[in-house]
There are 2 protein chains.
Amino acid sequence: MTARVTMRDVARAVGVSPMTVSRALRDDETVNEKTRHKIRQVANDLGYVYDTTAQAFRTQKSGFVAVTLPSINNANFAETFRGLSDGLGASGMQLLLGSTNYRVEKEEELVRQLLTRNPEAIVLTGGHHTDETRALLRARNLPVVEMWDLPTEPLGHVIGFSNAEAMAKLVTHLAESGRRRLGYIGASDLTDLRGAERRDGVIAKAAELGLPEVEFLDAGPAPVSMRHGAQAVSALGANLRSFDALVCVSDPVAFGVLSECRRMGLDVPGDIAITGFGNFEVASVSDPRITTIGVTAREIGEQVALLLEDVFAGNQRDGPRVVDVGSRLVRGETS
Amino acid sequence: MTARVTMRDVARAVGVSPMTVSRALRDDETVNEKTRHKIRQVANDLGYVYDTTAQAFRTQKSGFVAVTLPSINNANFAETFRGLSDGLGASGMQLLLGSTNYRVEKEEELVRQLLTRNPEAIVLTGGHHTDETRALLRARNLPVVEMWDLPTEPLGHVIGFSNAEAMAKLVTHLAESGRRRLGYIGASDLTDLRGAERRDGVIAKAAELGLPEVEFLDAGPAPVSMRHGAQAVSALGANLRSFDALVCVSDPVAFGVLSECRRMGLDVPGDIAITGFGNFEVASVSDPRITTIGVTAREIGEQVALLLEDVFAGNQRDGPRVVDVGSRLVRGETS
DNA sequence: CGGTAACATGTTATCGGTACCAAATGGCGC
DNA sequence: GCGCCATTTGGTACCGATAACATGTTACCG
């Protein structure tokens with residue numbers, strides 16, 4: 001339980017001022033190289049550990065970038081996080097992660113909590129937020145990035161894509177392959193706004209193409225995954241045959257749907273087509289491979305990292321950056 | 001770019017001292033309720049945001065718990081993180097997450113970085129660390145939790161299970177069902193030490209039961225997932241037939257193996273048995289369901305949270321806590 | 001009405017770095 | 001030897017909250 005070793009202690013041991021130690025440990029060129037070396041060595045010997053908290057306090061720069069994700073247990077968001085984390089590693093920024101469980105109210109609470117840590121930027125997933133969240137963020141003069149969406153009223157920078165447009169590609173593809181009776185499987189209303197956008201995209205495109213009304217099959221509150229897809233299908237029972245295509249909110253759901261359809265004796269894609277979203281690993285490994293939408297999850301994270309580096313370096317003065325990273329149809333064997 | 005609103009400003013506006021504001025905002029009962037209310041309101045009106053950095057600095061308590069995970073993109077670790085995060089939510093602790101990519105050297109770097117943030121506890125995945133990491137942690141008088149393993153020389157508390165023992169259950173099960181020619185599919189040596197423990201567990205138990213030597217099929221450096229499992233199998237080609245059971249390091253790998261086996265025309269489990277590890281969602285949803293080892297990923301996180309709450313509350317004085325959460329065989333349809 | 005306990009609020013110093021400015025030292029030209 | 005500049009180092013105050021202690025205020029007693 002000995003007292004903490006501080007720069008003062010190191011300074012005394014070396015015989016210089018704390019200021020010189022501070023400079024030396026930050027590799028300030030103005031400190032004589034021999035002195036720097038000596039200081040580093042003594043610091044090491046004494047078991048000195050730099051106190052980032054004190055630095056953050058004094059400089060009023062926390063070295064934090066706050067990030068909110070709907071769920072950490074989602075391969076796509078995890079990839080985005082990795083891209084962001086790796087991309088930001090060089091700049092010495094630490095990520096502060098919070099998970100919203102797909103709820104804007106939870107997001108608000110999180111943002112409130114994260115802001116008390118003085119992050120130097122905040123990255124939000126999606127473009128839907130409570131008014132209070134928007135107010136909180138606007139009040140701060142803080143770089144904000146929204147990702148995974150193209151919000152109509154962005155809070156700042158945007159690195160995303162259009163969910164509706166992506167779904168339109170799928171619906172067009174299905175219609176061209178002769179499918180007409182579509183069902184959409186996703187999370188309950190209002191629990192996953194990005195999912196709702198996808199559903200609306202499906203409905204709109206189907207209407208535009210003159211297909212019958214798309215039926216919404218509720219898989220329960222977000223997050224929905226493999227088992228929820230399977231359950232939604234088994235709940236349908238014989239009614240399953242009234243569809244010739246099931247459009248799913250994500251690949252895991254689609255995989256659950258696929259497995260259950262096969263258990264029920266349906267031929268995929270013979271009897272019914274299935275599509276997913278996100279180009280998760282399971283889509284390309286499963287047999288048959290699942291038709292899906294490829295989104296560049298990792299790239300989104302990397303782009304956010306690049307953007308933030310520019311922002312921190314002052315190279316992003318000319319207003320917010322808005323990047324549509326797009327999405328692409330990935331044809332599998334389920335359609 | 002107005003200057004930051006501090007407690008001083010709030011104090012001046014209300015006509016009390018900063019100290020009273022500080023107390024009021026922390027809901028100190030000794031502050032008159034009316035005063036407290038007034039202060040909260042004024043703070044709100046002025047757009048005051050509490051500065052946790054300053055608090056952390058002054059109190060020398062960061063409010064952080066550092067966590068290292070091998071990978072964030074892994075459903076099991078993500079679940080553990082969620083359990084930990086949810087469990088710790090009430091205590092107001094913030095998680096500081098770092099990902100080691102299954103490398104102890106990366107872990108060391110991470111630990112070094114995380115320690116500069118003065119965490120109040122650190123949670124490590126696994127029981128393998130570099131000597132330097134061990135030294136760093138021992139030098140600090142910091143609660144340490146190792147999880148997902150039962151280390152022979154724990155650094156502090158342990159919430160885990162025996163990987164070798166879990167694999168022994170699988171091998172016993174396979175042997176009892178008449179399988180003899182086992183292959184083990186996992187990551188390359190030294191890139192995933194927990195995976196190596198699993199492999200050694202398989203080899204040991206197979207030897208004990210008098211089975212032929214287990215062959216190691218290298219799926220590449222960690223992390224390995226679905227596609228690596230599939231690739232390992234397709235690389236085997238016709239040699240695949242020399243096995244009657246494939247033991248995989250994880251369920252995603254097993255799923256890749258399963259899919260590829262079926263693409264190659266093998267009957268599972270008729271021609272070959274397949275087992276996974278972790279009881280991931282894919283194991284129970286896939287058709288056929290995958291035989292696996294159930295580990296209570298979420299519970300591990302929750303238990304760590306409970307343990308830490310006890311530690312913070314001072315209710316864990318009598319030495320380190322070591323909990324074996326165990327594991328169980330989950331019979332699927334692939335064996 | 002003095003005394004005391006219970007309650008409510010204020011004062012001062014401090015956590016460990018670092019911005020800002022001052023100053024010591026050494027080298028060089030004239 | 002002097003002036004000047006470059007290089008290197010030091011002194012002081014401060015970031016915003018709060019622990020520890022001191023003080024003021026009210027209520028109620030005999």
Side-chain angles (χ1 to χ4, degrees), chain A residues 1-40 42-43 46-64 92 115-120 140, chain B residues 1-40 42-43 46-64 92 94 113 115-120 140:
Chain A
M1 261 323 184
T2 54
R4 177 189 193 95
V5 180
T6 74
M7 280 191 183
R8 254 174 252 292
D9 301 317
V10 178
R12 202 170 313 130
V14 179
V16 294
S17 74
M19 198 58 236
T20 303
V21 175
S22 170
R23 282 193 269 253
L25 294 180
R26 277 175 298 151
D27 253 332
D28 187 327
E29 301 281 339
T30 71
V31 176
N32 183 292
E33 192 174 329
K34 258 163 57 182
T35 316
R36 256 188 289 167
H37 199 79
K38 181 81 185 294
I39 289 174
R40 284 202 170 280
V42 172
L46 293 182
Y48 170 78
V49 180
Y50 188 85
D51 187 341
T52 307
T53 306
Q55 182 197 41
F57 176 54
R58 168 67 239 229
T59 62
Q60 297 291 67
K61 290 189 168 185
S62 62
F64 282 128
L115 284 182
T116 72
R117 294 278 181 184
N118 284 321
E120 300 185 40
R140 289 273 192 125
Chain B
M1 262 320 184
T2 54
R4 178 190 191 91
V5 181
T6 74
M7 281 191 183
R8 245 175 261 292
D9 301 318
V10 178
R12 202 170 314 130
V14 179
V16 295
S17 74
M19 197 60 234
T20 302
V21 175
S22 170
R23 283 194 267 253
L25 293 181
R26 278 175 299 152
D27 254 334
D28 187 327
E29 302 281 341
T30 71
V31 176
N32 183 294
E33 193 174 329
K34 259 162 57 182
T35 316
R36 256 188 291 166
H37 199 79
K38 181 85 186 295
I39 289 174
R40 284 203 168 281
V42 172
L46 293 182
Y48 170 77
V49 180
Y50 188 86
D51 187 340
T52 306
T53 306
Q55 182 197 42
F57 176 55
R58 166 67 237 229
T59 62
Q60 296 293 68
K61 290 187 167 191
S62 63
F64 283 129
Q94 260 269 347
Q113 190 194 122
L115 284 183
T116 71
R117 294 279 181 185
N118 285 321
E120 300 185 40
R140 289 270 194 129

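Within every chain, numbering begins at 1; the chains are lettered A, B, ... in the order of the sequence lines, protein sequences first and strands thereafter. No hydrogens, no waters, no symmetry mates; every other heavy atom, side chains included, goes into these values.
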Let me confirm one number: the [atom1]-[atom2] distance from [X] to [Y], rounded to the nearest 0.5 Å.
| X | Y | atom1 | atom2 | value |
| --- | --- | --- | --- | --- |
| A/R12 | A/T6 | CZ | OG1 | 7.0 Å |
| B/S17 | B/M7 | OG | CE | 11.0 Å |
| B/T30 | B/R36 | OG1 | CZ | 8.0 Å |
| B/T35 | B/R40 | OG1 | CZ | 13.0 Å |

Any idea which heavy atoms bring [X] and [Y] closest together, and the distance?
| X | Y | result |
| --- | --- | --- |
| B/S62 | B/P119 | OG-CA, 3.6 Å |
| A/A11 | A/P18 | CB-N, 3.6 Å |
| A/I39 | A/A24 | CD1-CB, 3.6 Å |
| B/A13 | B/L46 | CB-CD1, 4.1 Å |

[N] [atom2] sits how many Å from [X] [atom1], rounded?
| X | N | atom1 | atom2 | answer |
| --- | --- | --- | --- | --- |
| B/R117 | C/dG17 | CZ | C1' | 14 Å |
| A/N118 | D/dG16 | CG | C1' | 10 Å |
| B/R12 | D/dG16 | CZ | C1' | 13 Å |
| B/Y50 | D/dC15 | OH | P | 17 Å |
| A/M19 | D/dC14 | CE | P | 16 Å |
| A/K38 | D/dT8 | NZ | P | 17 Å |

In residues 49-60 of chain A, what donor-acceptor pairs under 3.5 Å come from side-chain atoms, sequence neighbours left out?
from  : atom 1 : to     : atom 2 : distance (Å)
A/Y50 : OH     : A/Q55  : NE2    : 2.9
A/D51 : OD1    : A/T53  : N      : 2.9
A/D51 : OD1    : A/A54  : N      : 3.1
A/D51 : OD1    : B/N118 : ND2    : 3.0
A/D51 : OD2    : B/N118 : ND2    : 3.4
A/T52 : OG1    : B/T116 : O      : 3.2
A/T52 : OG1    : B/T116 : OG1    : 2.7
A/T59 : OG1    : A/Q55  : O      : 2.8
A/T59 : OG1    : A/K61  : N      : 3.3

Using modelled atom types only, decide if a donor and an acceptor are shared between the side chain of A/E120 and the backbone of A/G63 within a distance under 3.5 Å.
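Judged by distance alone, yes, a pair lies under 3.5 Å.
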Exam field: side chain A/R140 to backbone A/L115, donor-acceptor pair closer than 3.5 Å:
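Present.
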Quick one: is [N] close enough that its OP1 or OP2 comes under 4.0 Å of any side-chain N or O from [X]?
| X | N | value |
| --- | --- | --- |
| B/Y48 | D/dG16 | no |
| A/T6 | C/dG16 | no |
| B/S22 | D/dT18 | yes |

For DNA chain C, which residues in residues 51-61 of chain A have a heavy atom at a distance below 4.0 Å?
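Those residues are A/D51, A/A54, A/Q55, A/F57, A/R58, A/T59.
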So which of residues 29-36 of chain A are in contact with DNA chain C, with a heavy-atom cut-off of under 4.0 Å?
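Under 4.0 Å from DNA chain C: no residue of residues 29-36 of chain A.
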Which angle, to the nearest 10 degrees, lies between the helix axes at the two ends of the helix from C/dC1-D/dG30 to C/dC30-D/dG1, each defined by five pairs?
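Nearest ten degrees gives 50° for this helix.
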Contact state string [nucleotides 22-27 of chain D, B base, S sugar-phosphate only, - no protein heavy atom under 4.0 Å]:
------
With heavy atoms under 4.0 Å as the rule, sort B/M7 into base, sugar-phosphate or nothing.
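If one applies the 4.0 Å heavy-atom cut-off, B/M7 turns out to touch the sugar-phosphate alone, with no base involved.
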Is any side-chain heavy atom of B/K34 closer than 4.5 Å to a side-chain heavy atom of B/K38?
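No. Closest side-chain heavy atoms not under 4.5 Å.
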B/V21 and B/Y48, any side-chain heavy atoms less than 4.5 Å apart:
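No, their side chains stay 4.5 Å or more apart.
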Reading DNA chain C from 5' onward, which residue's closest nucleotide shows up sooner: A/R26 or B/S17?
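Result of the comparison: B/S17.
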For residues 15-26 of chain A, which residue pairs qualify under salt bridge (charged side-chain N to carboxylate O under 4.0 Å, His left out), counting only residues two or more places apart or in two chains?
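Passing the test, one end in residues 15-26 of chain A: no pairs.
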